[in-house]
Asks: 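Pasting a structure below so you can have a look.
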Amino acid sequence: MEIAIINPDTLSAIGLKNLLSEISEEFIIRTFADYGTFADDTPDMYTWYFVSSQTYVLYNSFFLPRKEKTVILMHGIGLNTTSGGNHILNIFLPEKMMKAELSKFFSDSIPLPPPHEEAELSAREIEVLVLITKGYINKEIADKLNISLTTVITHRKNITEKLGIKSVSGLTMYAVMNGYVEADRI
């Protein structure tokens with residue numbers, strides 16, 4: 001199994017590489033300080049991609065179609081699959097817990113677990129979500145979509161309930177990770 005770690009934080013990349021090596025001697029692990037170096041390699045040969053959240057956002061056109069085999073390194077709750085089928089590794093876990101999470105992840109991931117079931121957003125909720133990520137306030141969204149302010153508030157409430165995400169930054173990350181917006185257009 002070949003694993004690529006794309007993370008500009010050298011110490012984190014080396015630490016993760018060592019943890020993965022301890023889990024299995026059969027892993028072939030390469031680290032890359034940036035996406036450009038990774039892209040110059042043969043990027044599609046890897047079984048798993050462990051990427052910093054910044055790299056994922058900036059290069060989501062590559063990672064989004066490969067999200068089933070991409071693990072995003074960010075603050076989260078263990079190594080889990082979130083809404084949209086994204087794998088998240090909490091980079092702030094203690095070493096022992098992270099090793100246990102990674103071991104469990106790899107034992108559960110062969111074959112890959114079915115994607116997490118989630119309530120789908122309606123087309124209008126996606127439109128509202130995109131405008132939220134662009135920084136529009138409720139009144140501006142209502143004017144832009146030609147709907148009432150109450151309707152916008154209802155859509156926002158439904159979005160946060162369906163996704164379990166309450167912050168604008170969290171909603172923005174969700175929108176980028178699921179291809180509703182591109183990071184360079186926010």
Side-chain angles (χ1 to χ4, degrees), residues 3-9 11-13 15-16 31-36 38-39 43 46 48-93 97-98 101-102 105 109 112-138 140-141 144-145 152-186:
I3 299 171
I5 300 171
I6 307 107
N7 190 346
D9 181 348
L11 290 176
S12 294
L16 180 58
T31 59
F32 302 92
D34 57 57
Y35 181 82
F38 166 72
Y46 294 98
W48 288 101
Y49 307 99
F50 283 76
V51 300
S52 68
S53 57
Q54 299 88 347
T55 301
Y56 185 90
V57 168
L58 290 173
Y59 300 99
N60 69 337
S61 59
F62 175 83
F63 293 109
L64 189 60
R66 297 163 182 85
K67 72 179 175 181
E68 295 83 19
K69 58 185 200 168
T70 301
V71 178
I72 304 166
L73 306 172
M74 60 190 289
H75 181 65
I77 303 171
L79 203 162
N80 57 36
T81 303
T82 64
S83 59
N86 295 296
H87 305 289
I88 310 263
L89 175 60
N90 181 355
I91 59 175
F92 296 118
L93 287 175
M97 287 179 66
M98 187 174 292
E101 290 287 335
L102 287 166
F105 175 72
S109 295
L112 286 172
H116 181 270
E117 289 297 317
E118 67 177 46
E120 289 188 32
L121 298 179
S122 69
R124 181 61 90 178
E125 288 168 341
I126 292 170
E127 288 177 314
V128 170
L129 175 64
V130 168
L131 293 174
I132 291 169
T133 64
K134 292 182 178 183
Y136 289 96
I137 61 173
N138 290 346
E140 292 170 324
I141 294 170
K144 201 154 190 65
L145 297 178
V152 172
I153 293 167
T154 301
H155 283 310
R156 283 185 83 133
K157 180 178 171 265
N158 291 340
I159 292 167
T160 58
E161 284 177 2
K162 286 180 180 181
L163 302 179
I165 303 170
K166 296 184 183 197
S167 70
V168 172
S169 60
L171 291 171
T172 302
M173 189 69 174
Y174 174 86
V176 169
M177 291 169 65
N178 288 282
Y180 296 131
V181 296
E182 294 180 28
D184 59 353
R185 300 204 188 261
I186 298 175

Asks: Under 4.0 Å between a Lys/Arg side-chain N and an Asp/Glu carboxylate O for Lys144 and Glu140?
Replies: no

Asks: If you compare all heavy atoms of Phe50 against all heavy atoms of Ile3, which two are closest, and at what distance to 0.1 Å?
Replies: CD1-CG2, 3.5 Å

Asks: Quick one: do the Asn60 and Lys67 side chains pair a donor with an acceptor below 3.5 Å?
Replies: no

Asks: State, to 0.1 Å, how close Ile72 and Met177 come at their nearest heavy-atom pair, and which atoms those are.
Replies: CD1-CE, 3.1 Å

Asks: Of the non-hydrogen atoms in Ala39 and Pro43, which two are nearest, and what is the gap between them?
Replies: O-CD, 3.8 Å

Asks: Quick one: ring pair (Phe, Tyr, Trp, His ring centres under 6.0 Å) partners of Phe32, sequence neighbours excluded?
Replies: Phe38

Asks: From Ser52 OG over to Asp34 CG, what is the distance, rounded to the nearest 0.5 angstrom?
Replies: 10.5 Å

Asks: Using side chain to side chain contact (heavy atoms under 4.5 Å, CB included), reason through His87 and Phe105 one step at a time and then give a plain yes or no.
Replies: CA-CA 10 Å; His87 305 289; Phe105 175 72; 3.6 Å; yes

Asks: With Met173, which of Ile165, Val57, Val168 fulfils side chain to side chain contact (heavy atoms under 4.5 Å, CB included)?
Replies: Val57

Asks: Which is it for Leu16 and Leu89 under the side chain to side chain contact (heavy atoms under 4.5 Å, CB included) test, yes or no, and what are the steps along the way?
Replies: CA-CA 11 Å; Leu16 180 58; Leu89 175 60; 4.1 Å; yes

Asks: Before giving the answer on side chain to side chain contact (heavy atoms under 4.5 Å, CB included), spell out for Leu58 and Tyr35 the whole-Å C-alpha distance, their side-chain angles and the decisive distance to 0.1 Å.
Replies: CA-CA 9 Å; Leu58 290 173; Tyr35 181 82; over 6 Å; no

Asks: Between Tyr59 and Val51, is the side chain to side chain contact (heavy atoms under 4.5 Å, CB included) condition met? List the steps.
Replies: CA-CA 10 Å; Tyr59 300 99; Val51 300; over 6 Å; no

Asks: Tell me the closest heavy-atom pair linking Val152 and Asn138, and the distance in Å.
Replies: CG1-OD1, 3.8 Å

Asks: Using modelled atom types only, decide if a donor and an acceptor are shared between the side chain of Lys69 and the backbone of Tyr46 within a distance under 3.5 Å.
Replies: yes

